[in-house]
Student: 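First the structure, which I've put down as structure tokens, then a few questions once you've had a look.
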Amino acid sequence: ARFDHSFLEQHTVGFNDLRALAEPYTPSRVTQITSVREADIERVAQLLVEEGPSGIWQGLGVEHHEN
């Protein structure tokens, strides 16, 4: 796996537990669950490794509504 072991040791708690939870979810299994193509899942993983840190934006407040 490609990650910064030193950073994780200094700045996170529970990484190994999270890793253990994620381990069974191979690209093939995720494809079966989500119907997202395995090649797309692998490409996203490759981009995250090559391009560096990223973030997730949950959307604008106006998109969060009850109905």
Side-chain angles (χ1 to χ4, degrees):
R2 297 180 185 176
F3 49 83
D4 186 338
H5 294 273
S6 176
F7 178 87
L8 290 172
E9 288 176 15
Q10 293 175 358
H11 301 284
T12 66
V13 174
F15 177 77
N16 288 328
D17 294 334
L18 177 62
R19 187 175 183 193
L21 286 171
E23 193 171 2
Y25 293 91
T26 63
S28 175
R29 182 167 181 206
V30 173
T31 294
Q32 292 173 345
I33 295 168
T34 66
S35 298
V36 175
R37 293 180 331 143
E38 191 170 338
D40 292 337
I41 294 166
E42 291 173 348
R43 178 67 181 137
V44 168
Q46 181 180 357
L47 285 171
L48 290 171
V49 169
E50 292 174 355
E51 300 298 324
S54 64
I56 298 173
W57 183 13
Q58 293 293 326
L60 302 172
V62 297
E63 297 170 344
H64 296 233
H65 50 81
E66 200 172 311
N67 296 313

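What you see is a predicted model; the values in this text were computed from it and never measured. The first residue of the sequence shown is numbered 1, and numbering continues consecutively from there.
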Student: Nearest 0.5 Å, what's the CZ-CD1 distance between R43 and I41?
Tutor: 14.5 Å
Student: Got a sec, which residues hit side chain to side chain contact (heavy atoms under 4.5 Å, CB included) with L8, two or more places apart in sequence or on another chain?
Tutor: F3, T12, F15
Student: Does anything in residues 24-36 form a side chain to side chain donor-acceptor pair (under 3.5 Å)? List the pairs, not counting sequence neighbours.
Tutor: none
Student: How would you list, by chain and number, every residue that makes a salt bridge (Lys or Arg N to Asp or Glu O under 4.0 Å) with R37, sequence neighbours excluded?
Tutor: D40
Student: Tell me the ring pair (Phe, Tyr, Trp, His ring centres under 6.0 Å) pairs involving residues 31-54, sequence neighbours left out?
Tutor: none
Student: Of all residues at least two apart in sequence or in a different chain, which pass the side chain to side chain donor-acceptor pair (under 3.5 Å) check with E50?
Tutor: Q46
Student: Determine, using the 4.5 Å side-chain heavy-atom cutoff (strictly less than), whether V36 and V30 are members of one ILVMFWY cluster.
Tutor: yes
Student: Can you list everything that forms a side chain to side chain contact (heavy atoms under 4.5 Å, CB included) with S6? Sequence neighbours excluded, please.
Tutor: D4, Q10
